[in-house]
Asks: 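Would you mind keeping the following structure in view while I ask a few things?
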Amino acid sequence: MPKEYRTIQEVAGPLMMVKGVEGVAFDELGEIELASGEKRRCKVLEVDGEDVVVQLYENAAGINLSNSKVRFLGRSMELGVSGDMLGRVFDGLGRPIDDGPEILPEERRDINGLPMNPAARVYPEEFIQTGVSAIDGLNTLVRGQKLPIFSCSGLPHSQLAAQIARQAKVRGTDENFAVVFAAMGITFEESNYFIESFKETGAIDRTVLFINLANDPAVERISTPRMALTAAEYLAFEKDMHVLVILTDITNYADALREISAAKKEVPGRRGYPGYMYTDLATMYERAGRQRGKNGSITMIPILTMPEDDKTHPIPDLTGYITEGQVILSRELYRKGLQPPIDVLPSLSRLKDKGIGEGKTRADHANTMNQLFAAYSRGKDAKELMTILGEAALTEIDLKYAEFAEAFEKEYVSQGYNNDRSIEETLTIGWKLLSMLPRAELKRIDDKFLDEFYGKQ
């Protein structure tokens with residue numbers, strides 16, 4: 001039985017000072033018992049000789065210094081994992097909130113996980129079909145990859161996240177596929193939207209949801225993605241499932257990290273975020289991947305809203321360093337009514353070349369992808385010129401490109417949030433659009449593909 005201490009000295013907001021303790025370690029889990037018998041959880045933030053500072057997971061209301069006692073449990077936060085987690089909804093601390101029964105764990109795992117040995121990693125190269133043309137066709141997601149979505153506040157990243165979670169699949173196989181969805185600091189309405197959206201389409205049966213609401217404590221927000229990744233590691237590497245992990249919103253997570261860092265009186269770094277934020281984010285992102293000798297995999301889509309729509313803000317900046325590309329949502333395209341408003345030119349998937357081509361998607365994929373990028377870029381330039389100089393100043397071919405850019409946004413990028421396109425449909429739409437341009441302009445496509453597909457749609 002852990003030793004009990006009645007030496008609580010002070011409570012300041014979510015922090016509490018306990019004196020005269022022995023053998024307590026950093027990040028250890030503790031339990032506070034109030035006079036009424038109610039128990040609340042906390043974790044050790046700082047150890048100074050026999051004095052420790054702990055952070056409460058619940059609020060501090062009602063804690064009386066004289067008759068409350070603390071016991072330290074000798075372990076850090078753990079999650080009980082089991083195959084029965086699929087189809088269930090949990091809070092940020094891994095407790096069921098869907099009125100279902102408690103999970104009977106097959107094992108208990110430390111939520112901080114173990115870093116994957118780089119030598120044990122397998123290179124990601126299998127295509128995942130999300131059903132979203134702007135991702136599948138141009139910024140392809142590969143199994144084992146980390147591909148973040150950079151959004152702006154007020155843009156429909158929640159709809160895109162839910163769409164990917166519902167539609168994502170590995171083609172041509174009947175392998176077990178699961179989604180682990182972690183939402184941090186979201187409102188009750190958003191939480192409801194995700195749960196109902198998964199229930200309507202039946203996707204909830206292969207999904208594990210961890211939901212931390214905006215009014216839940218900041219320290220719980222720090223645990224939420226780690227809970228989700230612990231569940232994902234278990235499903236991937238013990239149950240041989242291919243797991244897609246969606247984390248939204250990383251900005252809320254980073255703000256919670258800043259809040260706790262300020263409470264601990266740490267020296268702030270850029271924009272007030274702690275200097276170790278890069279390392280902290282990496283400990284989460286680097287848990288994605290494939291392992292040699294294991295059938296399962298973890299693919300990750302972190303979603304973050306860029307403060308002030310600024311790509312150079314520390315959160316998107318550091319995330320971009322650690323992950324393999326980014327999908328960027330644009331406010332300008334959103335105003336035009338595109339759904340989803342993905343800006344394909346600054347978006348990038350660094351592993352896309354590995355996941356496309358013969359036997360994965362289709363032989364003409366790489367050629368058409370490069371040609372679509374080039375034509376859209378030239379079309380956007382032509383439209384800008386048209387705005388400045390007027391339509392009469394453009395050559396006939398530039399007008400064709402401007403027309404192509406308009407059609408590309410309307411037909412290829414904008415597809416709605418309930419339209420699940422196969423990669424063949426995406427490629428067909430791409431060829432239909434490219435056929436608007438004279439064949440001589442399509443210099444990035446091999447003649448054999450032009451003979452087979454050009455003008456045939």
Side-chain angles (χ1 to χ4, degrees), residues 1-2 23-31 39-44 57 71-122 143-144 175-184 204-212 219-247 280 282-300:
M1 186 71 186
V24 172
F26 176 73
D27 212 29
E28 191 173 322
L29 204 59
E31 203 172 59
K39 290 178 180 169
R40 295 185 192 169
R41 287 200 276 187
C42 60
K43 79 166 181 174
V44 176
Y57 279 105
R71 61 181 78 89
F72 295 98
L73 306 179
R75 58 181 171 81
S76 53
M77 179 70 94
E78 290 176 340
L79 176 67
V81 288
S82 149
D84 297 336
M85 297 176 88
L86 288 165
R88 299 295 304 275
V89 185
F90 302 91
D91 68 5
L93 296 177
R95 297 172 296 208
I97 51 170
D98 55 3
D99 301 328
E102 286 288 329
I103 294 288
L104 296 172
E106 288 170 28
E107 57 179 284
R108 300 195 73 82
R109 292 190 165 200
D110 184 338
I111 64 164
N112 295 307
L114 292 169
M116 215 184 282
N117 183 338
R121 284 182 180 271
V122 180
R143 194 190 274 175
E175 290 169 331
N176 288 333
F177 192 78
V179 175
V180 174
F181 194 98
M184 295 158 277
I204 189 98
D205 297 337
R206 54 163 198 175
T207 305
V208 187
L209 283 102
F210 289 86
I211 290 182
N212 162 270
V219 70
E220 183 179 310
R221 208 155 298 148
I222 301 291
S223 304
T224 308
R226 292 183 166 78
M227 289 277 172
L229 285 160
T230 305
E233 282 168 348
Y234 175 75
L235 294 172
F237 304 130
E238 298 298 324
K239 297 288 185 189
D240 292 337
M241 298 182 91
H242 294 288
V243 185
L244 175 66
V245 178
I246 298 178
L247 306 175
D280 190 277
T283 58
M284 294 194 312
Y285 296 151
E286 289 297 335
R287 288 169 76 172
R290 309 206 55 191
Q291 275 186 26
R292 194 164 274 121
K294 300 276 176 81
N295 291 329
S297 64
I298 298 177
T299 307
M300 189 187 292

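As the structure is a prediction and not an experimental result, all values here were calculated from the model.
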Asks: Which heavy-atom pair separates A236 from S297 by the least distance, and what is that distance?
Replies: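 Here A236 and S297 meet closest at CB-O, 3.6 Å.
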Asks: Please lay out, stage by stage, how V180 and Y234 fare under the test side chain to side chain contact (heavy atoms under 4.5 Å, CB included).
Replies: CA-CA 11 Å; V180 174; Y234 175 75; over 6 Å; no
Asks: I would like to know whether R143 and H242 meet side chain to side chain contact (heavy atoms under 4.5 Å, CB included); could you show each step before the answer?
Replies: CA-CA 8 Å; R143 194 190 274 175; H242 294 288; 3.0 Å; yes
Asks: Please find the pair of heavy atoms, one from N212 and one from G92, that lie closest to each other, and give the distance.
Replies: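 Shortest heavy-atom contact: CB-CA, 4.4 Å.
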Asks: Where do G144 and T299 come nearest, in terms of heavy atoms and distance?
Replies: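 Shortest heavy-atom contact: N-OG1, 2.8 Å.
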Asks: Could you tell me which residues satisfy salt bridge (charged side-chain N to carboxylate O under 4.0 Å, His left out) with R226, sequence neighbours excluded, listed by chain and number?
Replies: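 If we apply the salt bridge (charged side-chain N to carboxylate O under 4.0 Å, His left out) test to R226, skipping adjacent residues, the hits are D280.
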Asks: Can you pull out every ring-ring contact (aromatic ring centres under 6.0 Å, His included) where at least one residue sits in residues 96-118? Sequence neighbours excluded, please.
Replies: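 Sorted result for residues 96-118: empty, none.
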Asks: Rounded to the nearest 0.5 Å, how far does CD1 of I246 lie from CG of L244?
Replies: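 Separation between the atoms: 4.5 Å.
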Asks: Test side chain to side chain contact (heavy atoms under 4.5 Å, CB included) on E107 and V81; report intermediate values, then the result.
Replies: CA-CA 6 Å; E107 57 179 284; V81 288; 3.6 Å; yes
Asks: Can you tell me which residue pairs pass the side-chain hydrogen bond (donor to acceptor under 3.5 Å, both in side chains) test with a partner in residues 80-89, sequence neighbours excluded?
Replies: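 Matches after skipping sequence neighbours: R88-D98.
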Asks: Nearest 0.5 Å please: distance from the CG atom of L235 over to the CG atom of L86.
Replies: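 Taking CG in L235 and CG in L86, the distance rounds to 5.5 Å.
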Asks: Does the distance from a Lys or Arg side-chain N to an Asp or Glu carboxylate O, for E220 and R41, drop under 4.0 Å?
Replies: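 Salt bridge flag = no for R41 with E220.
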Asks: Applying ring pair (Phe, Tyr, Trp, His ring centres under 6.0 Å), can you list everything that pairs with F90, at least two apart in sequence or on another chain?
Replies: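 F90: ring pair (Phe, Tyr, Trp, His ring centres under 6.0 Å) contacts with F210.
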Asks: To the closest 0.5 Å, what do you measure between CE (M300) and OH (Y285)?
Replies: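 It comes to 8.0 Å.
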Asks: Is it true that D27 and S76 share a donor-acceptor pair across their side chains at a distance under 3.5 Å?
Replies: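 No, no side-chain donor-acceptor pair sits under 3.5 Å.
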Asks: First locate atom CD1 of I111, then atom CG of L229, and finally report the distance between them rounded to the nearest 0.5 Å.
Replies: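 Result: 10.0 Å between the selected atoms.
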Asks: For a salt bridge (Lys or Arg N to Asp or Glu O under 4.0 Å) check, start with the C-alpha distance between R121 and E286, then their side-chain angles and the critical distance, and finish with the verdict.
Replies: CA-CA 11 Å; R121 284 182 180 271; E286 289 297 335; 3.3 Å; yes
Asks: Excluding sequence neighbours, so at least two apart, what forms salt bridge (charged side-chain N to carboxylate O under 4.0 Å, His left out) with D240?
Replies: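 Once residues adjacent in sequence are excluded, D240 has no partner under the salt bridge (charged side-chain N to carboxylate O under 4.0 Å, His left out) criterion.
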Asks: I need the minimum non-hydrogen distance between P2 and L73, along with the two atoms involved.
Replies: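 Heavy atoms of P2 and L73 come nearest at CG-CD2, 4.3 Å.
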Asks: CG of N112 to CD of E78: how many Å apart, nearest 0.5 Å?
Replies: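 Here the rounded value is 10.5 Å.
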Asks: Looking at E106 and G83, what are the two nearest heavy atoms and their distance?
Replies: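 Scanning both residues completely, I find the closest heavy atoms to be OE2-N, 3.5 Å.
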Asks: Grab the two heavy atoms, one from P105 and one from G80, that are nearest each other, plus how far apart they are.
Replies: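 Of all heavy-atom pairs spanning P105 and G80, the closest is CB-CA, 3.5 Å.
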Asks: Looking at residues at least two apart in the chain, or sitting in another chain, which of them share a salt bridge (charged side-chain N to carboxylate O under 4.0 Å, His left out) with R292?
Replies: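 Residues passing salt bridge (charged side-chain N to carboxylate O under 4.0 Å, His left out) with R292: none at all.
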